[in-house]
Protein chains: 2
Amino acid sequence: MTQQLHDPLPMLPGYALRRAANACAAELSARLATLDLRQSEASVLILIGGNPGVTAAALGRQLDIQRANMVPLLKRLEEAGLIDRAPIDGKSQGLALSAAGQDRTAAAHAIIDAYEAELLARVPADHRPHLLPALAALWR
Amino acid sequence: MTQQLHDPLPMLPGYALRRAANACAAELSARLATLDLRQSEASVLILIGGNPGVTAAALGRQLDIQRANMVPLLKRLEEAGLIDRAPIDGKSQGLALSAAGQDRTAAAHAIIDAYEAELLARVPADHRPHLLPALAALWR
DNA sequence: TATTGTTATACTCTATAACTATA
DNA sequence: TATAGTTATAGAGTATAACAATA
């Protein structure tokens with residue numbers, strides 16, 4: 001039998017936020033791994049798909065990923081044949097999905113949509129409509 | 001002027017969860033750094049404070065921290081003079097806060113309480129009571 | 001002068017596998 | 001046989017500083 005601990009942490013929204021994000025991230029990561037994609041990569045693919053010709057710097061600003069961290073991320077996507085780069089001018093390059101990238105992105109989108117639906121389904125109906133607005137207020 | 005991107009991600013609760021958790025964690029981490037504490041260390045200190053004599057394994061179970069990851073964490077707290085270990089039997093050891101640990105934990109608690117209050121204050125009042133229950137449903 | 005892409009680096013968190021000793 | 005503490009290691013995310021080339 002396991003010792004019962006006095007634990008005030010679950011009553012704290014910030015702590016619950018961290019635990020919930022952690023648990024959910026682990027779940028989504030496992031599903032995306034079937035496509036050999038990480039969460040950050042999937043989000044980058046989706047954004048490139050919706051914004052062909054976007055630059056790495058613009059992606060980073062939108063997703064809050066440091067420019068420096070975009071480099072290995074994009075390199076891996078490029079080496080996997082999922083994205084193509086085309087020079088815009090001497091210093092910028094436009095990103096676009098390859099044919100394989102479009103397929104992979106569609107598959108990732110399907111996984112994410114299913115995951116998001118399950119997430120919402122887990123929340124009691126009376127709290128459900130408040131989740132997204134509350135989270136948005138914490139972040140932006 | 002900055003390019004405006006088409007970005008469906010902020011409409012997804014799971015994505016908003018990740019972004020919100022990230023933003024909030026960065027903020028709390030910066031504040032706890034003034035005490036030379038990380039979030040995980042602060043949570044461990046608080047739990048030890050409320051459960052003197054608790055074992056590392058029990059802490060790990062409660063906080064969802066792998067036993068293996070508790071080792072360096074506790075080692076750092078011990079080397080900082082914040083916790084003491086006392087053998088329970090041949091294989092377990094009970095953890096307790098030192099006097100310095102009690103002070104540091106109280107300071108951490110003050111920071112966390114202020115942070116949690118600010119967090120809630122940022123959420124519009126009509127969504128506020130739903131945040132914790134919704135998060136709890138996602139996690140447990 | 002600001003921005004893009006890049007390299008290098010480091011820290012935090014998390015995860016797994018395996019070992020020893022004890023219950 | 002299960003559990004406690006430990007070691008070693010790895011991956012993922014994030015952060016900063018710095019540099020060259022270009023706008």
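A, B, ... follow the sequence lines: proteins, then strands. Residue 1 opens every chain. Keep in mind that what you see is a predicted model, and the values were worked out from it rather than measured.
- Looking at heavy atoms from C-beta onward, A:Ile83 lies out of side-chain contact with A:Val44 at the 4.5 angstrom threshold.
- Rounded to a whole Å, the CG atom of B:Leu63 is 12 Å from the P atom of C:dC13.
- A:Asn69 places its CG atom 15 Å from the P atom of C:dA10, with the value rounded to the nearest Å.
- The aromatic rings of A:His130 and B:His130 sit parallel to each other, their planes meeting at less than 30°, with 60° as the upper class boundary.
- Between the CD1 atom of A:Ile65 and the C1' atom of D:dA12 there is a distance of 12 Å, given to the nearest Å.
- Taking side-chain N and O atoms only, A:Thr55 has no distance below 4.0 Å to OP1 or OP2 of C:dT4.
- If you measure from atom CZ of B:Arg67 to atom C1' of C:dT14, you get 15 Å, rounded to the nearest angstrom.
- The CD atom of B:Glu27 sits 16 Å away from the P atom of D:dT14 (whole-angstrom rounding).
- In this structure, A:Glu27 pairs ionically with A:Arg31, as a charged nitrogen and a carboxylate oxygen lie closer than 4.0 Å.
- Positionally, the nearest nucleotide of DNA chain D for B:Ala57 lies more toward the 5' end than for the other of A:Asp64 and B:Ala57.
- Residue A:Ala68 is classed as a base contact, given a heavy-atom separation below 4.0 Å to a base.
- The two residues A:Gly94 and A:Ile88 make their nearest non-hydrogen contact at N-CG1, 3.4 Å.
- Counting heavy atoms from C-beta outward, B:Leu59 and B:Thr55 have side chains that stay 4.5 Å or more apart.
- Separating the CD atom of B:Gln66 from the P atom of C:dA15 is a distance of 5 Å, rounded to the nearest angstrom.
- Minimum heavy-atom separation, B:Leu63 to A:Tyr15: CD2-OH, 3.3 Å.
- Nucleic acid contact class of A:Ser40 (heavy atoms, under 4.0 Å, all strands): sugar-phosphate only.
- What separates CD of B:Gln39 from C1' of C:dC13 is a distance of 10 Å, to the nearest Å.
- Between B:Asp36 atom CG and C:dC11 atom P the separation is 13 Å, expressed in whole Å.
- Looking only at side-chain heavy atoms (C-beta outward), B:Leu28 and B:Leu119 stay at 4.5 Å or farther from each other.
- Contacts between residues 70-95 of chain B and DNA chain D, counted as heavy-atom distances below 4.0 Å, involve B:Val71, B:Arg85, B:Lys91, B:Ser92, B:Gln93.
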